[in-house]
Structure formats: C-alpha cells, structure tokens
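Got a structure for you, written out below as structure tokens; questions coming shortly.
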Amino acid sequence: MSDDADTTFRPPYRVEVTDRAADLHEAHGDLAAGEGSGVTATVAGRVMLLRDMGRLCFATLRDSSGAVQLMATAKGTERYDELTALNLGDWVVATGEVVRSKKGELSVRVERWQLLAKARRGFGDKWHGITDTDMRYRQRYADLWANESSRRVFQARSRIMSLTRRFLEDRGFMEVETPVFHPIPGGAMARPFVTHHNALDMDLYLRIAPELYLKRLVVGGFERVFEIARVFRNEGLSPRHNPEFTMLELYQAYADLSDMMEITEQLVAHLAREVVGSTVITYGGREVDLTPPWRRATLLELIEEHAGVRLDLDMPIDELRRVAADHGVEVDPAWGPGKLILEVYEKTTEAELWGPVFVTDYPKEVSPLARDHRSKPGMAERFEPIVAGRELGNAFTELTDPEEQRRRFEEQARAKAAGDDEAMVVDEDYLRALEYGLPPTGGLGIGMDRLVMLLTDTHSIRDVVLFPTLRPEVG
RNA sequence: GCCCCUCUAGCUCAAUUGGCAGAGCAACGGACUCUUAAUCCGCAGGUUCUGGGUUCGAGUCCCAGGGGGGGUACCA
C-alpha cells in the first residue's frame, strides 16, 4: 500500500448508531457536573463547533434530534490528533461514556470514533449561519444545517401533514391518490401547465386541483375521502405563490357547508395546539385566536363593514361597475354582478380580515362547482376561511345535479371562448359520473403551504417549500 | 409583465465627498486538560455579479444585462 492509499478517506458502508442527542439529554438529565453515568453511547452527526484545548477537546455534534457535546482527551481517545483536526461540518460517529463535564455540559467522552463524511465546502458563518436568501433557497441543504430556524419550520411542516392525516383518519376519512395528469384541467380557475404524452400523442395538463376526481370517488361509494395533493398552476411567483403547492381536499357524503366549517376550525385549532402549543398564536407580531367557533359572516356584510357600501346582486350592473371602479377595480365589461362584488371584496375587505372568519354566501356566478344557496337566489353555498388577511381555503356544499352542472360548465365555456383563459371547460366524464348520482356532499380545500406559514410565523411560501421554484442559476 | 431595493473573501459584514479593497468567523500553521460563538499567536484568502461608459482615478457615478428580495397585476 502506498502512502496515498493510507490517507485516502474511505467512509464505512454502514454505521451502528444507537443513540440520539435528544434522548441522551432526556435520559441523563439528572447527572451531576463532573460525574460519569457508566453508560456507553454511540452518537453520529455533524461537527458544528470544535474547541481544542491541547490535550482536551470539545466538539458540538448535531444530529436530527438536537446536539450533544463530544469530549475527547489525548489519553482516552483514539486518533486524538485526527479528531482535533476535524473541520466544522464533518460527519462523525463516536462512542464513549455519557458524562457531564465539570462545567455542566452533557457529553459523550469519546473512546472510539470514525469519520463518516468530510465537509469539503466552506461552512457558513458559525454564529450568523447563512442569511443570503438566494443561497438559502437554492442550497437548501446548506440552509438546513446552518440555520436552526429553517430546520424547525420544515419539522413543523412534516408534523402538520402527519397530524392532518391522523385527524382525518380518526374521523373516518380515507386517503386516496388521484391523477396528476389530467386530460381536461378542472376543479379550479387557473392556467395549467401542459405536457405531452408521446405514446398516446396527446397533451396532458398537470392538475390545478384534484376536486373532480375526488367527487367521482364519492359517486363510487367512498363516502369520506381526502387527498393531500401537489397541484400546479402556471402563474406568477410571489411570496404567497409557488407554481407547485400542496392542497388538502376532502369530501364528505351527506354533509354540507356547516360540517366543513366545523372540520376546518377543529383541524386548524388541533394543529395549532399540537405544533404551537396553543390555539392563540402570533403571526407577524400580532395575535390570532384560532379557538373555535370562528366567526361566520357573509361576503356582503363584510364588504359593508370594511368598504362602507351596501351591495347586492340585484343592483343595476352600471351601479356595481361604478362602485367597483371607485374602489380601484379595473372593471372588465364581461363581468356579471357576482364577479364585480367579489372583486370589490378582494380589493377592500379580504386583507383586512384578521380574525379567523368564515366568509359565506359567494355569488354563484363565481362558484361553478358549488350548489345553489338554499334560501338566497343567485348565491352559492360556499365559504372561505380567512385568517390573518389570507384565504386559507375554500369550501362548498357540492353541486350534485348533472343538469345544473352542465349549465354551469357551459357558462364557463362561454367565458373561455370570450377570452378568459382561466375559465373551466366542460368535463363530460365528470357529468356522466354525476348522472350516476352524487349524494349531498360537503367539500373543503385548504392551502397547506399557507397553513404552515400561519403556524410557523413565516411570511414567504419559499420559507415553507423545501425547494421553491427559482430562475435557473447562471454563471 | 411593470415599479422599487439589493449583489464586496467560503460565510457574516465594513470601506467619509470618487482617492492604496478591510474586519470577524471559517480554512491553513502553531500554543493550551473543562470549553460553550473557547482563547491566544501566525499565515493566506478578491474578475467588488457581468459587460460597457464618464473620470487622472470607479466597490462608489451613468447605461445595458443577470441573480435575489419587496411591491403591483393574475391567482391559492
């Protein structure tokens, strides 16, 4: 063997790691300073800090559970000089007795250890971490090990997804997976991404919503279904918009709007309790009380509260147009009264709604998949939960009548023909499914990324999406 | 799309009115047996995002381009 071969680093293929940092702190919390536990532990992780004192050396080792100190001595630690020569960021596995240092820090007193990976690239600043946003998003791997706050957000996201699944399963919902490739994009009003299937020689659309497939499943007899669906919308990027994002959609047979409200507020309150520790949370320095029940108010009431104007669907269209224009809406002559009212609401009211509130009674003109309101003509049975000035979701008592659904689709198709490229198209198979019979059904969609933002007090969707869409890197 | 802000060493940041491009940390070499962002000594580190321009002289001023951020439009 040459000298070269001797020094070439060959990582082990497998390492037996028996302990995690957080568990050691848990198990040895009562160990006194300067005492040994008599227990041997093997921990692995990244060397984050190194304090070399000559014949004694301390290192801060971090694993996915937290951090624990390594203590090494010239006398008691094998290859001591190599250990003190480690670089910040190197991965190691170390075995030794769990002790508490004289100064009180829980430590593994290293007897045996092994290098697992070298950090050949520069470490971020050990105090400031990495703050450059471009690097944080492009090199999330560096962000995650340099920045504690980033790790916490994604751990919270994972828990939110897991808790949501369990919450729904406990209520009798079944998780399903429906197609991402849609021959006809539907279930929402948005521009889709288009791709092409070679063998079938046909264009396919990446889904903008799973809605129509999920309701087909209710037709098929699955009475409570949900999907945590990645959806894709071909629109601009912003702090609140990533082209791919995650939506929870659920459908419950025999249920209506009121059931969807109850699920929404219970789910969000449950997640807040589990993730934040309270149903009263702080967002952007301001308090939000998510404790159920949430306020219910109609769209028209809220417009009156915030814009000081009383609107209704029967007003002369010219008057609605004038009110909209007065509030800074760029009025499209093709819009009907419902769209005008919605525009006024979005311009004047939505961002002002801090509280959790269920905004109800949306015009049916802008709700092509929702059932007619049981008592208010021209309105649909639809609500949006608004928290901290943002839509958290969207819910309806579903439209189940195939004849009415066909009329709504055709209405949309006319809008599309008139140039609205976000309008829906007629989905004949969906209509056929409705003809087999969809029972009364409540449906709910929740924007999970925004929910994670709310519960982690983050203000850009890029802070809650591990690898957000960015322009390609150059140079 | 449009408007505004921003880009300096591996990281975090300085550099007066245009006047020799610097510090801390990391890295590298060395000292140290209880440190906690260890400390101390030493050394090295640059296409100041790119390309033009103004000027005796540009990190700094001007123009164009690129990346990022924020706002705005569309949307969740």
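All values below come from the heavy atoms of this structure, side chains included, with hydrogens, waters and symmetry mates left out.
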**Item:** Spatial distance of atom CG (A:L214) from atom CZ (A:F226) [nearest 0.5 Å]
**Value:**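 Spacing of CG (A:L214) from CZ (A:F226) equals 10.5 Å.
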**Message:** Using the P atom as the point on both nucleotides, what is the distance between B:C4 and B:G22, in whole Å?
**Reply:**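 Rounded to whole Å, the distance is 35 Å.
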**Asked** Just how far, in rounded Å, is P of B:A37 from CD1 of A:I130?
**Response**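 For the pair A:I130 CD1 and B:A37 P, the rounded distance is 19 Å.
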**Request:** Identify whether a stacking contact exists between A:Y137 and B:G68, where the ring centres must be under 5.5 Å apart and the planes under 30° apart.
**Result:**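 Aromatic stack with B:G68 absent for A:Y137.
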**Prompt:** Contact class for A:R191 (heavy atom, under 4.0 Å): base, sugar-phosphate, or nothing?
**Reply:**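 If one applies the 4.0 Å heavy-atom cut-off, A:R191 turns out to touch the sugar-phosphate alone, with no base involved.
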**Asked** Under a 4.5 Å cut-off applied to non-hydrogen side-chain atoms, are A:L217 and A:T178 in contact?
**Response**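 The answer is yes, as the side chains (C-beta and beyond) meet within the 4.5 Å cut-off.
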**Item:** P atoms of B:A14 and B:C7, separation to the nearest Å
**Value:**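 These two P atoms come out 9 Å apart once rounded.
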**Prompt:** Whole Å only: how far is the CG atom of A:L237 from the P atom of B:A73?
**Reply:**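 Result: 16 Å.
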Review item, nucleotides 4-8 of chain B N/O atoms under 3.5 Å of protein N/O:
none

**Request:** Looking at every strand, decide which applies to A:E422 at a 4.0 Å heavy-atom threshold: base, sugar-phosphate, or nothing.
**Result:**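 It contacts sugar-phosphate atoms only.
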Between the protein and nucleotides 23-26 of chain B, which nitrogen or oxygen pairs come in under 3.5 angstrom?
{"unit_1": "B:G24", "atom_1": "N2", "unit_2": "A:D125", "atom_2": "OD2", "d": "2.6"}
{"unit_1": "B:C25", "atom_1": "O3'", "unit_2": "A:K126", "atom_2": "NZ", "d": "3.4"}
{"unit_1": "B:A26", "atom_1": "OP1", "unit_2": "A:K126", "atom_2": "NZ", "d": "2.7"}

**Request:** Could you check which of B:G70, B:U33, B:C11 has an atom nearest any side-chain atom of A:K75?
**Result:**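 Minimum distance to the A:K75 side chain belongs to B:U33.
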**Asked** If the P atom of B:C43 is compared with that of B:G30, how far apart are they to the nearest Å?
**Response**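 15 Å, rounded to whole Å.
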**Message:** Counting only side-chain heavy atoms from C-beta out, which of B:U36, B:C34, B:G67 sits nearest to A:M71?
**Reply:**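 Shortest atom-to-atom distance from the side chain points to B:C34.
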**Request:** Find out whether the Lys NZ or Arg CZ of A:R216 is both under 6.0 angstrom from the six-membered ring centre of A:Y213 and within 45° of the ring's axis.
**Result:**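 Cation-pi check for A:R216 and A:Y213: passes.
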**Asked** Just wondering, do A:L311 and A:L300 contact through their side chains at under 4.5 Å, heavy atoms?
**Response**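 Yes; the side chains approach each other to less than 4.5 Å.
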**Request:** Tell me what A:L470 touches on the nucleic acid: a base, only sugar-phosphate, or nothing, going by heavy atoms under 4.0 Å.
**Result:**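 Counting heavy atoms under 4.0 Å across all strands, the contact made by A:L470 is with sugar-phosphate only.
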**Message:** Using a strict threshold of under 4.0 Å (side-chain N to carboxylate O), is an ion pair present between A:E411 and A:R408?
**Reply:**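 Salt bridge absent between A:R408 and A:E411.
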**A:R51 CZ - B:A37 P separation (whole Å)** =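 In whole Å, B:A37 P and A:R51 CZ are 7 Å from each other.
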**Prompt:** So do A:R390 and A:L392 actually touch side chain to side chain, heavy atoms under 4.5 Å?
**Reply:**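 Contact flag for A:L392/A:R390 side chains = no.
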**Message:** Using whole Å, what does the distance between atom P of nucleotide B:U36 and atom CG of A:L49 come to?
**Reply:**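 One finds 11 Å between P of B:U36 and CG of A:L49, rounded.
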**Message:** For a quick check under 3.5 Å, do A:S65 and A:D63 share a side-chain donor-acceptor pair by atom type?
**Reply:**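 A:D63 and A:S65 do have a side-chain donor-acceptor pair below 3.5 Å.
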**Item:** A:R138 CZ - B:C11 P separation (whole Å)
**Value:**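 Rounded to whole Å, this separation is 14 Å.
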**Request:** For B:C63 versus B:G24, give the span between their C1' atoms, rounded off to a whole number of Å.
**Result:**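 Each nucleotide's C1' atom is 36 Å from the other's.
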**Asked** For RNA chain B, whose closest nucleotide is more 5', that of A:P243 or that of A:P239?
**Response**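 This one resolves to A:P239.
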**Asked** With a 4.0 Å cut-off on heavy atoms, is A:E391 in touch with a base, just the backbone sugar-phosphate, or nothing at all?
**Response**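 It contacts sugar-phosphate atoms only.
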**Item:** Short side-chain N/O contact from A:T131 to OP1 or OP2 of B:C13, under 4.0 Å
**Value:**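 The answer is yes; a side-chain N or O of A:T131 sits under 4.0 Å from OP1 or OP2.
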**Request:** Pick base, sugar-phosphate or nothing for A:S101, based on heavy-atom distances below 4.0 Å to the nucleic acid.
**Result:**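 It contacts base atoms.
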**Request:** Check whether any side-chain heavy atom of A:V231 sits under 4.5 Å from a side-chain heavy atom of A:F245, and report yes or no.
**Result:**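 SC-SC contact between A:V231 and A:F245 confirmed.
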**Item:** Cationic N near anionic O, under 4.0 Å, A:E111 to A:R109
**Value:**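 Between A:R109 and A:E111 there is no salt bridge, as every charged N stays at least 4.0 Å from the carboxylate O atoms.
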**Touch class at under 4.0 angstrom, heavy-atom based, for A:D449 against every strand present** =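 A:D449: no heavy atom of the nucleic acid under 4.0 Å.
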**Separation of the C1' atoms in B:U39 and B:C62, to the nearest angstrom** =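 Roughly 49 Å separates the two C1' atoms.
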**Request:** Answer yes if the side chains of A:T456 and A:R152 hold a donor-acceptor pair under 3.5 Å, and no otherwise.
**Result:**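 Short answer, no.
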**Complete:** Dot-bracket assigned to RNA chain B with the 3.5 Å Watson-Crick/G-U criterion, [ ] for crossing and | for other-strand pairs, is (((((((..((((.....[..))))..((((.......))))......(((((..]....))))))))))))....
**Asked** What is the distance, rounded to the nearest whole Å, between atom CD of A:E105 and atom P of B:A38?
**Response**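 After rounding, the gap between these two atoms is 12 Å.
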**Donor-acceptor pair, side chain of A:R51 and main chain of A:F58, under 3.5 angstrom** =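 Not at all, since once roles are kept as given, no pair shorter than 3.5 Å links the two residues.
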**Item:** Aromatic ring pairing A:H459/A:Y283, orientation class (parallel under 30°, perpendicular over 60°, tilted between)
**Value:**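 Aromatic pair A:H459/A:Y283 classed tilted.
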**Message:** Give me the distance, rounded to whole Å, that separates B:U6 from B:U60 when you measure between the C1' atoms they each carry.
**Reply:**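 Their C1' atoms lie roughly 15 Å apart.
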**Prompt:** Any sub-3.5 Å donor-acceptor pair from A:E265's side-chain atoms to A:W294's backbone N or O?
**Reply:**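 Checking the backbone N and O of A:W294 against the side chain of A:E265, a donor-acceptor pair under 3.5 Å is found.
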**Asked** When we call it a touch if two heavy atoms are under 4.0 Å apart, what does A:M247 touch: a base, just sugar-phosphate, or nothing?
**Response**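 No contact at all - A:M247 keeps every heavy atom at 4.0 Å or more from the nucleic acid.
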**Request:** Measure from the side-chain N and O atoms of A:E381 to the backbone N and O of A:R371, and report whether any donor-acceptor pair falls under 3.5 Å.
**Result:**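 Not at all, since once roles are kept as given, no pair shorter than 3.5 Å links the two residues.
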**Prompt:** For the side chain of A:F58, counting heavy atoms from C-beta on, which of B:C34, B:A76, B:U36 is nearest?
**Reply:**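 Comparing B:C34, B:A76, B:U36 against the side chain of A:F58, the answer is B:C34.
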**Item:** Integer angstrom distance from the C1' of B:C41 to that of B:A9
**Value:**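 22 Å, rounded to whole Å.
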**Asked** When all nucleic acid strands are considered with a 4.0 Å heavy-atom cut-off, which category describes A:G393: base, sugar-phosphate, or nothing?
**Response**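 It contacts nothing in the nucleic acid.
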**Span that lies between the P atom of B:G59 and that of B:G52, in whole angstrom** =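 Those two atoms are separated by 14 Å.
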**Request:** Under 4.0 Å between any heavy atoms, over every strand shown, what does A:R471 touch: base, sugar-phosphate, or nothing? Just pick one.
**Result:**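 A:R471: backbone/sugar contact only, no base atoms under 4.0 Å.
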**Message:** Heavy atoms only, 4.0 Å cut-off, all strands: where does A:N234 land among base, sugar-phosphate and nothing?
**Reply:**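 Here A:N234 touches no strand at all.
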**Asked** Quick one: A:Y141 OH to B:G10 P, roughly how many Å, whole number?
**Response**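 Those two atoms, OH and P, are 16 Å apart.
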**Request:** For A:R100 and for A:E244, find the nucleotide of RNA chain B with the closest heavy atom, then tell me which residue's nucleotide is more 5'.
**Result:**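 It is A:R100 whose nearest nucleotide is closer to the 5' end.
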**Message:** I need the CD-P distance between A:Q139 and B:C11, as an integer number of Å.
**Reply:**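 Nearest whole value for this atom pair: 8 Å.
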**Asked** Any sub-3.5 Å donor-acceptor pair from A:R46's side-chain atoms to A:G89's backbone N or O?
**Response**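 Answer holds: yes.
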